[in-house]
Every structure is written in structure tokens, then in C-alpha cells.
Amino acid sequence: MIEFDREQFLKDVHDIVRLIPEGRVTSYGAIAKALEQARRSRMVGWAMNQSPDDVPAHRVVNSSGVLTGRQFFGGTRMRELLQAEGVVVNENKVANFKKVFWDPLTEMDCD
DNA sequence: TGAGTGACTGTAA
DNA sequence: CTTACAGCCACTC
């Protein structure tokens, strides 16, 4: 019986975020779902807050493609990082979200 | 110890 | 488009 470990969750989230390729984004919910913790999407946001510099947290947006965490990147930093990778952003939202969306489950369907 | 808050999601009206 | 409610749980005071 393994009870829920925050550190493990944090590690798993960081691991997934690190797998996000350039020019792609994903959502908090998708990450939570990939960890079979779909209802812990808020914890993913918390994990992003606790993420080290080697985690591209700027590639993580909410389910609508909105850069909800941009305020944690010092203003427009998040948007600029994304645009630098080829992601088109309108003010605070990702354009063609469905196209640039990267689903962790697609890459991690190995069980 | 309990209430408030939040980088969320889904459903409903 | 908006507002509201429910569910989730770490963190702060």
C-alpha cells in the first residue's frame, strides 16, 4: 500500500513537463490525468510553483489555453518564451491551441 | 484548528 | 461572453 507522496507527485509532474517538446503546450488537467490524478489539477499548479528552473513551466496553460501563470513569470515573460518557441499567443491566450496542444498520455501510453 | 486562498476542471444556467 | 457551484488539496494565518 503506497500512500500519496507529495514529493513523488511533484517529481512526476516535473518529469512530464520536462518532456513537453518545443512549440507545444499542455494543460494542468492533462498532466494530472496522465498521473491518474485528474482531480488534482490544482496541485499541478502548485507543483509548477515548486518547479526548478529546468522545468519549462511556461509550456503549461489551463484547459482553455490561457496563460494563467504568466504573472509568476514576471509579466510577459511566459508569452515571450512561448512565442520564441513558435507558439502564437494572443495577449494571454494560446492561438490554435488544439494544434500546439501536447497530450502527455499520447507519449506515455506505455503502461 | 478552522477558515481563506489559489499557476484548475467540469457542469450548469 | 459571464456567473455560480462542486470537487480537489497544499499552504498560510
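Just so it is clear, the model here is predicted, and its values are computed rather than measured. First the proteins, then the strands, lettered A, B, ... as listed; each starts at 1.
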Check your understanding: If you look at every strand shown and take non-hydrogen atoms under 4.0 Å, does Ala57(A) touch a base, only sugar-phosphate, or nothing?
Key -> base

Exercise for review: Give the rounded distance in Å between these two atoms: CZ of Arg77(A) and C1' of dA7(B).
Suggested key: 16 Å

Exercise for review: Kindly say if Trp46(A) contacts the phosphate of dC11(C), meaning a side-chain N or O under 4.0 Å from OP1 or OP2.
Suggested key: yes

Study note, to complete from the structure: Shortest non-hydrogen pair, Pro56(A) vs Val17(A), comes out as CG-O, 3.3 Å

Exercise for review: Could you work out the separation of dT2(C) and dA7(B) based on their C1' atoms and round it to a whole Å?
Suggested key: 22 Å

Exercise for review: Let me see the working for Arg79(A) and Glu91(A) under side chain to side chain contact (heavy atoms under 4.5 Å, CB included), right down to the final yes or no.
Suggested key: CA-CA 8 Å; Arg79(A) 172 182 165 180; Glu91(A) 292 300 318; 4.0 Å; yes

**Study point:** Atom-pair distance (CD on Gln50(A); C1' on dG6(B)), nearest Å
**Key:** 13 Å

Review point. If the P atom of dT5(B) is compared with that of dA4(C), how far apart are they to the nearest Å?
Key: 15 Å

Practice item. Write out all pairs satisfying salt bridge (charged side-chain N to carboxylate O under 4.0 Å, His left out) with one or both partners inside residues 30-56 of chain A, taking only residues at least two apart or from two chains. Key: Arg18(A)-Asp54(A)

Practice item. Could you state whether Tyr28(A) and Val25(A) fall into the same hydrophobic cluster, counting links through intermediate Ile, Leu, Val, Met, Phe, Trp or Tyr residues with side-chain heavy atoms under 4.5 angstrom apart? Key: no

Review point. So what does Arg6(A) hit on the nucleic acid, given a heavy-atom distance under 4.0 Å: a base, only sugar-phosphate, or nothing?
Key: sugar-phosphate

Check your understanding: For residues 63-103 of chain A, which residue pairs qualify under ring-ring contact (aromatic ring centres under 6.0 Å, His included), counting only residues two or more places apart or in two chains?
Key -> Phe97(A)-Phe101(A)

Check your understanding: Between dA7(B) atom C1' and Ile31(A) atom CD1, what is the distance in whole Å?
Key -> 11 Å

Study note, to complete from the structure: Scoring nucleotides 8-13 of chain B by protein non-hydrogen atoms under 4.0 Å (B base, S sugar-phosphate only, - none) yields BSS---

